[in-house]
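Numbering starts at 1 and runs along the sequence shown. Values below: all heavy atoms of this structure, side chains included; hydrogens, waters and symmetry mates excluded.
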Amino acid sequence: MSEKTIPILPCRTIQPVLDFYTAIGFEVTYQQKSPNPFAVVERGGIVLQFFGMKKYEPAESFSTCYVLTDEVDALHEAFRAGLKAAYGKIPTRGLPRIGPLKDMSYGVRQFLMTDPGGNCIRIGKKTSEDQSHRPAPKETFARAVHNAALFADSRDDPRGAAKIIDRALALDGEHPTPVQLMRLLVMRSDVAGRLGDDATAARALEEAEAVPLTDEERESARDDLARLRELRDQGA
């Protein structure tokens, strides 16, 4: 069997998309300017094709594809470094942008990256053979963490994630564990930044940094703490 699937993704203007992908280590292997704009980029085993549409609106795009890899951590680090070199900072809101690396509840470790054409490239490594969504936990704050992560990082719906987190943190008579609180606050800062609410982003980040954690708790929340440091550095 030698079949191979290659996504063909839309964009309004091809050149900014090509500049984005070359910044993160892709090579433009083909480009056609007329009669119809079209281009191909490749990096290792990843091949993406693009076509131009004059009336296409990148901000309203639903185009997406999934890239499976055994080196998701290395790709995330390489893409972030390339984007920082090209843009002067790591873009985490608007177009283009790159999201945090996370272990998802459906058996993958992944991050989302959206190019200037509005195409969302989901890049992940399988961590389980069971790729179905796990049932949401019954405990209040574990459920909030679970659902907020799905809204923020699977549905790419930061506004929905913010509502889930705000409802959980406003509850009376129930209190999250320190790790749950830190995770919720880091996510709240992250999605607030993506929504352009810098005041809420800064306040949630400050509160997250103030949550006391044991060494064991820090180890269990290393991805969240890494995201906290990234958000802090971006706001510096």
Side-chain angles (χ1 to χ4, degrees), residues 59 62 64 76 80 89-114 120 122-124 127 132-214 216-236:
F62 290 95
T64 188
H76 188 248
R80 283 168 49 84
K89 63 178 182 179
I90 299 169
T92 59
R93 66 177 76 170
L95 296 176
R97 63 180 180 270
I98 187 169
L101 182 62
K102 288 190 174 182
D103 290 310
M104 304 305 295
S105 64
Y106 41 88
V108 296
R109 179 169 175 79
Q110 73 172 20
F111 65 96
L112 276 58
M113 179 176 70
T114 305
C120 179
R122 299 167 182 261
I123 302 170
T127 56
S132 60
H133 280 275
R134 309 300 191 267
K138 294 183 178 180
E139 193 276 326
T140 299
F141 296 101
R143 186 182 185 90
V145 170
H146 174 95
N147 288 335
L150 290 179
F151 271 74
D153 301 312
S154 290
R155 295 181 58 174
D156 198 17
D157 181 1
R159 198 172 301 279
K163 291 179 180 179
I164 292 169
I165 296 167
D166 288 344
R167 282 198 299 267
L169 295 179
L171 290 172
D172 289 328
E174 293 185 79
H175 303 284
T177 67
V179 169
Q180 289 171 336
L181 177 59
M182 186 273 296
R183 283 177 169 157
L184 288 168
L185 289 169
V186 169
M187 273 196 287
R188 189 64 181 92
S189 178
D190 195 348
V191 297
R194 287 160 61 181
L195 292 168
D197 185 354
D198 293 336
T200 297
R203 182 172 62 253
L205 191 62
E206 183 178 353
E207 292 176 8
E209 290 185 298
V211 176
L213 298 174
T214 66
E216 184 177 352
E217 288 170 334
R218 286 183 171 277
E219 176 59 26
S220 70
R222 60 186 182 278
D223 284 345
D224 304 274
L225 291 169
R227 185 57 179 160
L228 187 156
R229 291 190 294 271
E230 291 169 0
L231 294 170
R232 182 186 59 211
D233 292 344
Q234 290 167 14

Got a second to check how far I90's CD1 is from E230's CD, nearest 0.5 Å? 6.5 Å
Atom NZ of K89 and atom CZ of R80: how far apart are they, to the nearest 0.5 Å? 13.0 Å
Look up atom OG in S189 and atom CZ in R232, then write down how far apart they are to the nearest 0.5 Å. 11.5 Å
Is there a side-chain contact between T177 and F141 in this structure, where contact means two heavy atoms from C-beta onward sitting under 4.5 Å apart? no
Output yes when a side-chain donor or acceptor of R143 lies under 3.5 Å from a complementary backbone atom of T140, and no otherwise. no
Would a distance-only check, ignoring hydrogens and angles, find a side-chain to backbone donor-acceptor pair under 3.5 Å from H76 to G99? yes
Heavy-atom closest contact (I164 atom, A144 atom, distance): CG2-O, 3.7 Å
Side chain R183, main chain Q180, donor-acceptor under 3.5 Å: no
Note: L95 and T114 closest approach over all heavy atoms is CD2-CG2, 3.4 Å
Evaluate the side-chain proximity of L231 to D190: yes if any heavy-atom separation is below 4.5 Å, no if none is. yes
Looking at every heavy atom in both C120 and T64, which two are closest together, and how far apart are they? O-OG1, 2.7 Å
Would the distance check show the side chain of R97 and the main-chain N or O of R194 forming a donor-acceptor pair, the cut-off being under 3.5 Å? no
Verify side chain to side chain contact (heavy atoms under 4.5 Å, CB included) between D223 and L101, making sure each step is shown before the conclusion. CA-CA 7 Å; D223 284 345; L101 182 62; 5.7 Å; no
May I ask you to decide whether D157 forms a salt bridge with K163, counting only side-chain N to carboxylate O separations under 4.0 Å? no
A192 and A201: which non-hydrogen atoms are nearest, and at how many Å? CB-N, 3.6 Å
Non-hydrogen side-chain atoms of S105 and L150 separated by less than 4.5 Å: yes
Heavy-atom closest contact (P178 atom, V211 atom, distance): O-CG1, 3.4 Å
Does a sphere of radius 6.0 Å around CD in E206 hold more than 12 heavy atoms from other residues, nucleotides or ligands, not counting ones at 6.0 Å or beyond? no
Give a yes or no on whether the backbone of E217 and the side-chain of S220 come within a donor-acceptor separation of less than 3.5 Å. yes
Do E207 and L181 come within less than 4.5 Å of each other through their side chains, counting heavy atoms only? no
R218 CZ to D224 CG distance, which is reported to the nearest 0.5 Å: 11.5 Å
Atom pair CD/NZ of Q110 and K102 - distance to nearest 0.5 Å: 10.0 Å
CZ-CG distance between R222 and L228, expressed to the nearest 0.5 angstrom: 16.0 Å
Checking side-chain hydrogen bond (donor to acceptor under 3.5 Å, both in side chains) against R188, which of D197, D166, T200 comes through? D166
Heavy atoms of M182 and A221 approach each other most closely as CE-CB, 3.4 Å
